[in-house]
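Below: one structure, written as structure tokens.
Numbered from 1 within each chain, the chains take letters A, B, ... in sequence-line order.
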Amino acid sequence: MQHLKTIPASTPTFHRRVYEQLLTVPRGKVTTYGDLAHALNSAAYRAVGQALRNNPCAPNVPCHRVVSSDGRIGGFNGQREGPDVTRKIALLAAEGVQVTNGRIDLARHRHDFF
DNA sequence: CACCTGACATAAT
DNA sequence: AATTATGCCAGGT
């Protein structure tokens, strides 16, 4: 998959798997850190966050489609609140994902990997 | 190899 | 409902 060919060769395998899996989330849908980890047969929720924090997002990985299990936005570009998060919300809105009071209706937008 | 850290999740206050 | 404490697992130092 050429989406990831520009990332550093030193990128850990687990991180790569996160990105690959994330690429399967369609536009207009979102997933949670937990679901993503589970889809990789792992419980490393937090490691998933680390992976995204590494930010290979910029080019082509849709990091903004990953939110918290309670429907809250989570973080973006290394931050958990602030202008970057606001931007994340804007990106989601642009894809048709409704964000109300910093919350997402997971029942409606959650993507199922299985 | 022994800690420390975190874009989390859940249970307990 | 809002806050706090605890558990999680891979990476980094």
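- Protein chain A touches strand DNA chain B; the 5'-most and 3'-most nucleotides with an atom under 4.0 angstrom of its non-hydrogen atoms are B:dG6 to B:dT10.
- Within residues 38-50 of chain A, the residues approaching DNA chain C are A:A43, A:A44, A:R46, A:A47, by heavy-atom distance under 4.0 Å.
- Residues in residues 61-71 of chain A take part in these side chain to side chain donor-acceptor pair (under 3.5 Å) pairs, two or more places apart or across chains: A:H64-A:E95, A:R65-A:E95, A:D70-A:R72.
- For CD of A:Q79, the number of neighbouring non-hydrogen atoms (other residues, nucleotides, ligands) closer than 6.0 Å is greater than 12.
- Residues A:V97 and A:I104 meet the side-chain proximity criterion, which asks for heavy atoms closer than 4.5 Å.
- Residue-environment remark: CZ (A:R16) exceeds the threshold of 12 foreign heavy atoms within 6.0 Å.
- Atom CG of residue A:L22 and atom CZ of residue A:F113 lie 7.0 Å apart, to the nearest 0.5 angstrom.
- Clustering ILVMFWY residues whenever any of their side-chain heavy atoms sit less than 4.5 angstrom apart, transitively, puts A:L106 in a cluster other than the one holding A:L36.
- When heavy atoms are screened at a 4.0 angstrom cut-off, A:F14 is found touching the sugar-phosphate backbone but no base atom.
- Within 6.0 Å of the CZ atom in A:R87, the count of heavy atoms belonging to other residues, nucleotides or ligands does not exceed 12.
- For DNA chain C, no neighbouring residue in residues 70-99 of chain A is found when judged by any heavy atom under 4.0 Å.
- Listed by chain and residue number, nothing satisfies the ring pair (Phe, Tyr, Trp, His ring centres under 6.0 Å) test with A:H109 (two or more places apart in sequence, or in another chain).
- Rounding to the nearest 0.5 Å places OG1 of A:T86 at 11.0 Å from CG of A:L91.
- Checked by atom type and distance alone, the side chain of A:Y33 never pairs as donor or acceptor with a backbone atom of A:A44 at under 3.5 Å.
- By the 4.5 Å heavy-atom criterion applied to side chains, A:T32 and A:V66 are not counted as neighbours.
- Mapping heavy-atom proximity under 4.0 Å, the span of DNA chain C touched by chain A runs 5' to 3' from C:dG7 to C:dG11.
- Note: A:I7 CD1 to A:N54 CG = 9.0 Å, rounded to the nearest 0.5 Å.
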